[in-house]
Structures are given as structure tokens and as C-alpha cells.
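Note sheet for the following structure.
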Amino acid sequence: QLKLVESGGGSVQAGGSLRLSCAASGYTYGSYSMGWFRQAPGKDREGLAAIDSDGTTTTYADSVKGRFTISKDNAKNILYLQMDSLKPEDTAMYYCAADLGQNSEEVVRAISMDYWGKGTLVTIAS
């Protein structure tokens with residue numbers, strides 16, 4: 001069993017930065033590929049970034065490539081998403097998720113994941 005708790009959301013001006021964190025509990029955390037997703041009101045959930053279990057391979061959606069950076073600290077059981085050059089269209093609820101059987105390329109396109117957090121809200125003002 002893996003529990004995921006996101007933090008770090010908030011409201012910033014366009015062009016600003018935020019760093020989201022996802023704290024995981026569960027002794028098998030290091031075995032999971034992890035990903036960040038978002039869902040804006042009235043829109044489908046979108047995979048943004050993913051990282052393989054060992055942290056060596058990352059995959060990004062085109063919408064955030066070059067602006068967002070995913071990383072994980074297996075020693076601290078924390079997943080991060082550094083978000084720079086934020087735009088109003090980045091406004092959404094952001095979720096982290098974990099999966100045991102998918103690699104990072106699959107996670108970014110994933111419809112289902114083994115575990116999900118409850119989300120943290122990001123609002124970007126123009």
C-alpha cells in the first residue's frame with residue numbers, strides 16, 4: 001500500500017515558479033514509477049511528467065517540456081515537480097501518482113495508475 005500526499009500548490013503570477021512535492025509512505029516507494037498529472041475544470045486529466053523507479057529516466061508532455069522538471073528523492077520518499085515560466089493555462093488541480101508496472105513513457109500517457117494523491121491546487125494569475 002502506498003499513500004501519496006501533495007503539497008506546494010498556491011497562487012502565483014504568470015511567469016513565476018512553484019515547486020510541488022509529493023510525500024509517499026510505504027516501504028516499496030522506490031520500486032514505483034511516478035508521475036504528475038493535472039486536471040483543469042471542464043477538461044480531461046493530462047499527464048505532465050513521469051520518472052522511472054530508479055530516477056534515471058524522465059518523460060515530459062509537450063505542453064510542459066522545457067518549463068517543468070520532475071525529480072524524486074528515494075531516500076526521503078518525495079517526488080518533486082519544479083514548475084517555471086508558469087502560464088494562466090497551467091491553472092489546475094495537480095496530482096501525483098505511482099505505478100509498479102509502467103515506465104515513465106507509459107505513465108505520461110496513462111489512464112490508470114496504481115495509486116493517486118488527492119491533489120494540490122495551482123492558480124496562475126495573468
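Residues that satisfy the salt bridge (charged side-chain N to carboxylate O under 4.0 Å, His left out) test with E105, not counting sequence neighbours, are absent from this structure. With sequence neighbours excluded, no residue forms a side-chain hydrogen bond (donor to acceptor under 3.5 Å, both in side chains) with S126. For K65, the salt bridge (charged side-chain N to carboxylate O under 4.0 Å, His left out) test picks out D62, with sequence neighbours left out. Listed by chain and number, the residues in a side-chain hydrogen bond (donor to acceptor under 3.5 Å, both in side chains) with T58 amount to none (sequence neighbours excluded). When the side-chain hydrogen bond (donor to acceptor under 3.5 Å, both in side chains) test is applied to T91, no partner is found at least two apart in sequence or on another chain. Residues passing the salt bridge (charged side-chain N to carboxylate O under 4.0 Å, His left out) test with D90, sequence neighbours excluded: R38, R67. Listed by chain and number, the residues in a side-chain contact (heavy atoms from CB on, under 4.5 Å) with A40 are K43, A92 (sequence neighbours excluded).
Residue S33 comes nearest to Q102 through the heavy atom pair OG-O, 2.8 Å, listed as atom of the first residue, atom of the second, then distance. Nearest heavy atoms, L48 versus S63: CD2-OG, 4.5 Å. Y115 approaches L2 most closely through the heavy-atom pair CD2-O, 3.3 Å.
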Tell me which donor-acceptor pairs under 3.5 Å the side chains of residues 78-87 have, and how far apart each pair is, sequence neighbours excluded?
residue, atom, partner, partner atom, Å
Q82, NE2, D84, OD1, 2.9
D84, OD1, S17, OG, 2.7

Scan the side chains in residues 3-13 for donor-acceptor partners under 3.5 Å anywhere in the protein, sequence neighbours excluded, and list what turns up.
residue, atom, partner, partner atom, Å
E6, OE1, K118, N, 3.1
E6, OE1, G119, N, 2.8
E6, OE2, C96, N, 2.9
E6, OE2, G119, N, 3.2

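A distance-only check finds a donor-acceptor pair linking the side chain of D52 to the backbone of S104 [under 3.5 Å]. Of the possible donor and acceptor atoms, one in the side chain of N74 sits under 3.5 Å from a partner among the backbone N and O of S53.
Here disulfide bond (SG atoms under 2.5 Å apart) pairs that include residues 40-69, with residues two or more places apart or in two chains, number zero. Counting only residues at least two apart or on different chains, no ring pair (Phe, Tyr, Trp, His ring centres under 6.0 Å) pair has a member in residues 45-70.
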Practice task
Decide yes or no on side chain to side chain contact (heavy atoms under 4.5 Å, CB included) for L18 and V122, but give the supporting numbers first.
Solution key: CA-CA 9 Å; L18 280 173; V122 171; 3.9 Å; yes
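Rounded to the nearest 0.5 Å, atoms OG (S25) and CG (N77) are 8.0 Å apart. Atom NZ of K72 is separated from atom OG1 of T56 by 9.5 Å, given to the nearest 0.5 angstrom. How far CG of N103 is from OG1 of T59: 7.0 Å, rounded to the nearest 0.5 Å.
Taking a 4.5 Å side-chain heavy-atom cut-off between Ile, Leu, Val, Met, Phe, Trp and Tyr, the cluster of M113 extends to F37, M93, Y95, V107, W116, L121.
Y32 and I51 end up in the same hydrophobic cluster when Ile, Leu, Val, Met, Phe, Trp and Tyr side chains are linked at under 4.5 Å.
At a threshold of 4.5 Å between non-hydrogen side-chain atoms, the residues V64 and W36 do not count as touching.
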